[in-house]
Amino acid sequence: ADAKLKLGHLVTTATTSTSTATKSATTGNPATGGEEQGGMMAMVRQSLARLGSEDLHKEIVSCLEVAANQGNSRAQVELGKHLLVPTAGASADPDAAVLCFQRAATLRDPEAMYLLGRAYHTAAGVEKDSVRAARWYNEASKEGFKEAKFALALCYFDGDGVDKRDDKGML
């Protein structure tokens with residue numbers, strides 16, 4: 001019960017910050033608490049994985065849902081990630097995960113943009129659409145998300161969703 005309370009508090013603390021801290025969490029700006037918030041979310045995920053409790057998972061998802069419904073883009077991304085992974089009590093729900101990523105992407109969360117691109121690229125929760133995947137990778141890349149830059153470079157190199165351009169396919 002103590003562990004559940006502590007993790008619930010961590011989730012709530014990590015996801016109910018100001019919009020400045022939320023934005024900095026996507027950029028990792030330590031001056032505004034971004035690394036701390038991102039670190040708390042990572043700690044919550046690790047603790048959940050270690051404990052493996054179905055009830056604890058439900059509690060964390062519940063806390064993330066509350067914060068996500070309040071417009072917290074980091075909570076939306078984390079909730080989407082949780083929904084992609086099957087647990088003992090629930091199967092993966094890529095459709096719901098994509099909705100979370102879409103909501104966060106409209107708030108300009110670069111990780112959400114990247115994950116939305118991955119969803120379109122791999123047909124996870126949406127129909128495969130290489131053009132949309134490349135567009136989302138490009139948007140996340142503009143925000144400085146390194147994984148998106150790499151994914152976009154691969155799209156250009158392979159001509160997947162964009163015209164093949166070896167010059168843009170090199171990092």
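When reading the values below, keep in mind they use all heavy atoms of this one structure, side chains included, and skip hydrogens, waters and symmetry mates. When a residue number appears, it is its place in the shown sequence, counting from 1.
Atoms CD and SG, on Glu78 and Cys63 in that order, are 13.5 Å from each other to the nearest 0.5 Å. Rounding to the nearest 0.5 Å places CD of Gln76 at 11.5 Å from CD of Glu65. Here the OG atom belonging to Ser73 is positioned 9.5 Å from the CD atom belonging to Glu111, to the nearest 0.5 angstrom. Considering OH of Tyr137 and CZ of Phe145, their distance stands at 11.0 Å, rounded to 0.5 Å.
Counting only heavy atoms from C-beta outward, the side chains of Lys164 and Asp158 never approach each other to under 4.5 Å. Residues Trp136 and Tyr114 fail the side-chain proximity criterion, which asks for heavy atoms closer than 4.5 Å.
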Trace of the side chain to side chain contact (heavy atoms under 4.5 Å, CB included) decision for Cys100 with Leu83: CA-CA 9 Å; Cys100 291; Leu83 293 170; 3.9 Å; yes
Leu99 and Gln102: CA distance, side-chain angles, deciding distance, side chain to side chain contact (heavy atoms under 4.5 Å, CB included) verdict: CA-CA 5 Å; Leu99 291 175; Gln102 288 172 334; 3.4 Å; yes
Step-by-step side chain to side chain contact (heavy atoms under 4.5 Å, CB included) determination, Lys146 to Ser141: CA-CA 7 Å; Lys146 291 177 183 168; Ser141 182; over 6 Å; no
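Using modelled atom types, no side-chain atom of Asn72 and backbone atom of Ala68 make a donor-acceptor pair closer than 3.5 Å. Between the side chain of Glu139 and the backbone N or O of Met113, no donor-acceptor pair lies under 3.5 Å.
Evaluation of the salt bridge (Lys or Arg N to Asp or Glu O under 4.0 Å) rule for Arg118 yields no partner, not counting sequence neighbours. Partners of Phe101 according to the ring-ring contact (aromatic ring centres under 6.0 Å, His included) rule, which considers only residues two or more places apart in sequence or in another chain, do not exist here.
Considering all non-hydrogen atoms of both residues, Ala133 and Gly117 come closest at CB-O, 3.3 Å. Nearest heavy atom pair, residue Val77 against residue Ala112, reads CG2-CB, 3.6 Å. When all heavy atoms are compared, the tightest approach of Pro94 to Leu84 is CA-CD2, 3.9 Å. Of all non-hydrogen atoms in Ala134 and Leu152, the two that sit nearest each other are O-CD1, 3.7 Å.
Applying the side chain to side chain donor-acceptor pair (under 3.5 Å) test to residues at least two apart or on different chains, the pairs with a partner in residues 124-133 are Tyr120-Arg132, Ser130-Asp160.
Under a hydrophobic clustering in which Ile, Leu, Val, Met, Phe, Trp and Tyr are joined whenever their side-chain heavy atoms come within less than 4.5 Å, directly or via other members, Leu115 and Val126 fall into the same cluster.
We find that Lys149 and Glu143 are not joined by a salt bridge, their nearest charged nitrogen and carboxylate oxygen being 4.0 Å or further apart. Ionic pairing of Asp109 and Arg74 is present here: one or more N-O contacts between side-chain nitrogen and carboxylate oxygen are shorter than 4.0 angstrom.
More than 12 heavy atoms of other shown residues, nucleotides or ligands fall within 6.0 angstrom of atom CZ in Arg103.
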